[in-house]
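One structure is given here, and the rest of the page talks about it.
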There are 2 protein chains.
Amino acid sequence: MVRQNPSYKEKKVISIGVVSELTGLSERQIRYYEERKLIFPDRSKGRNRKYSFSDVEALMDIANKIEDGFQTLEIRREKLKEQKKVEQEELRKKMIQGQLNARFGIRKN
Amino acid sequence: MVRQNPSYKEKKVISIGVVSELTGLSERQIRYYEERKLIFPDRSKGRNRKYSFSDVEALMDIANKIEDGFQTLEIRREKLKEQKKVEQEELRKKMIQGQLNARFGIRKN
DNA sequence: CGTGTAAGGAATTCTGACACG
DNA sequence: CGTGTAAGGAATTCTGACACG
């Protein structure tokens, strides 16, 4: 049973000003990292950027890497690689579950 | 050991517009419930109200009670009563812990 | 490349008040 | 009592651009 907690961490509700305060980054930097496809805020009514706490964490991570001399493109590639790893992991789990279902019957997890 | 998780739920970062969308309440209503001391948003730089997810939950609770015909004053009294109950509970726990410490030595919890 | 900044405009939020009931 | 609304103003956010390097 996957516990679907309210998941406040992923909810995109924070405006850029607050994100700036929370991360110590300038709004310019935050918008730029979006331009470089490192973060993906929502838009409220198609206009104002809204971020999640998860985005805030990602931004602090990005800030550290930038400080360590990484370029945004490198950071992006790293993220894509990790993303792919996670996806494969999920696929693998799904296949195993599929085999279990096939042999021992269907049940919802 | 009290786990101090990031506690995103309590962090006051959401502007009134988003709260309005999240709760379905008008901004007028949200401000009014603050005036009646049912919620206590922070202010960013002393101006703009900032709410937590916890506030959002409280607001939905308030909305239900209003719908059920309760007045804001009654709702407030209820909350104060519950608050007092929680405080007494905490005090009680602290006293028991104090006795344990006195008899079996000091340890951090 | 990553970031600052001034520019002009649009949307957001604020307060105090009047209205209805 | 609880809520809507118009009013005027202030702060926020947006975009596209120029600048430096």
Side-chain angles (χ1 to χ4, degrees), chain A residues 11-80, chain B residues 11-80:
Chain A
K11 205 121 211 222
K12 311 246 182 186
V13 295
I14 315 177
S15 60
I16 196 167
V18 174
V19 172
S20 176
E21 284 176 13
L22 255 33
T23 60
L25 296 169
S26 71
E27 301 186 5
R28 179 68 165 99
Q29 288 174 305
I30 297 169
R31 294 199 190 97
Y32 180 67
Y33 300 150
E34 176 184 1
E35 189 184 320
R36 302 314 311 273
K37 300 195 193 303
L38 298 180
I39 44 171
F40 306 91
D42 276 0
R43 298 271 181 153
S44 67
K45 271 173 286 175
R47 191 175 182 272
N48 288 35
R49 276 168 266 251
K50 295 299 174 194
Y51 303 85
S52 65
F53 283 111
S54 191
D55 291 328
V56 171
E57 286 186 6
L59 280 168
M60 301 184 91
D61 224 70
I62 292 164
N64 285 331
K65 287 179 181 150
I66 293 277
E67 257 187 290
D68 292 349
F70 288 98
Q71 293 197 324
T72 55
L73 185 57
E74 305 176 90
I75 298 173
R76 181 163 178 229
R77 289 210 183 104
E78 256 182 72
K79 298 219 170 199
L80 287 175
Chain B
K11 205 121 208 215
K12 310 248 181 184
V13 296
I14 314 177
S15 59
I16 195 166
V18 174
V19 173
S20 175
E21 284 176 13
L22 256 33
T23 60
L25 297 169
S26 70
E27 301 187 4
R28 179 69 164 99
Q29 289 174 304
I30 297 169
R31 293 198 190 98
Y32 180 66
Y33 299 151
E34 174 184 0
E35 190 184 320
R36 303 313 312 274
K37 299 197 194 301
L38 297 181
I39 44 170
F40 306 91
D42 276 359
R43 298 270 179 152
S44 69
K45 271 173 285 171
R47 192 176 182 274
N48 288 36
R49 275 167 265 252
K50 295 300 173 194
Y51 302 85
S52 65
F53 283 111
S54 189
D55 291 329
V56 170
E57 287 186 5
L59 280 167
M60 302 184 90
D61 223 73
I62 291 164
N64 284 332
K65 288 181 180 151
I66 293 278
E67 256 187 292
D68 291 348
F70 289 98
Q71 294 197 325
T72 55
L73 185 57
E74 305 176 273
I75 299 173
R76 182 163 178 230
R77 287 209 185 106
E78 257 183 70
K79 298 219 170 200
L80 287 175

N/O (side chain, Ser15(A)) to phosphate O (OP1/OP2, dT12(D)) under 4.0 Å: no

Please state whether the phosphate of dT3(D), meaning OP1 or OP2, lies under 4.0 angstrom from any side-chain nitrogen or oxygen of Tyr32(B). no

Calculate the interatomic distance between Asp68(A) atom CG and dG2(C) atom P; express it in whole Å. 14 Å

Among residues at least two apart in sequence or on other chains, which ones pass side chain to side chain contact (heavy atoms under 4.5 Å, CB included) with Gln29(B)? Leu25(B), Ser26(B), Tyr33(B)

Checking base pairs now: Watson-Crick or wobble, both atom distances under 3.5 Å. What partners dT15(C)? dA7(D)

Tyr51(A) atom OH is separated from dT12(D) atom P, nearest whole Å, by 16 Å

Give me the one residue out of Val18(B), Ile14(B), Val13(B) that meets side chain to side chain contact (heavy atoms under 4.5 Å, CB included) with Ile14(A). Val13(B)

Here the distance between atom P of dG2(D) and atom CZ of Arg76(B), to the nearest Å, is 13 Å

Integer-rounded Å distance: dT3(D) P and Leu38(B) CG: 10 Å

Let me know the distance between CD1 of Ile16(A) and C1' of dA11(C), rounded to the nearest Å. 15 Å

With a cut-off of less than 4.0 Å, is there a side-chain N or O of Tyr33(A) near OP1 or OP2 of dG2(C)? no

Scan every strand shown for a Watson-Crick or G-U wobble partner of dC20(D), both distances under 3.5 Å, and answer none if you come up empty. dG2(C)

For Ile30(B) and dC14(C), give me the distance from atom CD1 to atom C1', rounded to whole Å. 14 Å

Taking side chain as C-beta onward, heavy atoms only, is Asn64(A) less than 4.5 Å from Glu67(A)? yes

Whole angstroms only, please: what is the CD-P distance between Glu67(B) and dG2(D)? 14 Å

Heavy atoms from C-beta onward define the side chain here; which of dC14(C), dG2(C), dG2(D) lies closest to that of Arg36(A)? dG2(C)

When rounded to the nearest 0.5 angstrom, what is the spacing between NZ in Lys79(B) and CD in Glu74(B)? 14.0 Å

Please compare Glu35(A) and Gly17(B) by the position of their nearest nucleotide in DNA chain C and report the one closer to 5'. Glu35(A)

Here the pair of heavy atoms bringing Ile39(B) nearest to Ala58(B) is CG2-CB, 4.4 Å

Let me know the distance between CZ of Arg31(A) and P of dG16(D), rounded to the nearest Å. 12 Å

Return the nearest nucleotide to the side chain of Arg43(B); candidates are dT3(D), dC14(D), dC14(C). dC14(C)

Protein-to-nucleotide contact annotation, 5' to 3' order, nucleotides 4-10 of chain C [B base; S sugar-phosphate only; - none; under 4.0 Å, heavy atom]: BB---BB

dist Glu78(A):CD -> Asp61(A):CG (nearest 0.5 Å) comes out at 9.0 Å

For Lys45(A) and for Phe70(A), find the nucleotide of DNA chain C with the closest heavy atom, then tell me which residue's nucleotide is more 5'. Phe70(A)

Pairs flagged by salt bridge (charged side-chain N to carboxylate O under 4.0 Å, His left out) wherever residues 45-58 of chain A is involved - sequence neighbours left out: Lys9(A)-Glu57(A), Lys12(A)-Asp55(A), Glu34(A)-Arg49(A)

